[in-house]
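These notes are about the structure you will find just below.
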Amino acid sequence: VKKFGSFSEVVAINLQDDAEKSIRAANVEKIREIIKKASKDGKNVLIVGLLMSTRGIQHKIINDLSGLDYKFNTKGMAEHQNFSKWIDEVIMEQIEKL
């Protein structure tokens, strides 16, 4: 992603929304620190969530990161125009392996 997207930095982190509160809170704090550092360094922050639906945890993430400067697409993958095409292709690939 970093190489092909020409990003200065790419960080992968799992929020673990369904984990114990202390684990989730620690992950939120890690994400907040990453955003704060990038903002301090003059970088724009883009958060890409691998979320299926739009009515998932997006509202929690927005709340968790309030007061910080970042961009976040709140739409889930299922809303993308090519989502069903992708699902069809994955299914067909698996069928062909049988």
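Everything numeric in this text was worked out from a predicted model, so none of it was measured.
A side-chain hydrogen bond (donor to acceptor under 3.5 Å, both in side chains) check over residues 64-84, counting only residues at least two apart or in different chains, returns the pairs R24-D64, T54-E79. Residue pairs that meet the salt bridge (Lys or Arg N to Asp or Glu O under 4.0 Å) test with at least one member in residues 83-98, sequence neighbours left out, do not exist here. The salt bridge (Lys or Arg N to Asp or Glu O under 4.0 Å) pairs that include a residue from residues 30-44 are E9-K43, E33-K36, K37-D41, where partners are two or more places apart or lie in different chains.
Cluster partners of I34 are V11, counting Ile, Leu, Val, Met, Phe, Trp and Tyr whose side-chain heavy atoms approach within less than 4.5 Å, directly or via other members.
Partners of L50 according to the side-chain contact (heavy atoms from CB on, under 4.5 Å) rule, which considers only residues two or more places apart in sequence or in another chain, do not exist here. Partners of V10 under the side-chain contact (heavy atoms from CB on, under 4.5 Å) rule, at least two apart in sequence or in another chain, are V1, K2, F7. For the ring-ring contact (aromatic ring centres under 6.0 Å, His included) test, residues two or more places apart in sequence or in another chain that qualify with F83 are W86.
We find the CG-CD1 distance between N63 and I57 to be 12.0 Å, quoted to the nearest 0.5 Å. For the atom pair CD1 (I35) and CG (L68), the distance works out to 5.0 Å, reported to the nearest 0.5 Å. To the nearest 0.5 Å, atoms CD (Q16) and CD1 (I23) are separated by 6.0 Å. Atom-to-atom distance recorded for I87:CD1 and M77:CE is 8.0 Å, nearest 0.5 angstrom.
Linking ILVMFWY side-chain heavy atoms closer than 4.5 Å, directly or via other members, places V28 and I62 in a single hydrophobic cluster.
Using a 4.5 Å heavy-atom cutoff, the side chains of I31 and L15 are in contact.
Side-chain N or O atoms of Q58 include none that pairs as donor or acceptor with a backbone N or O of F72 at under 3.5 Å.
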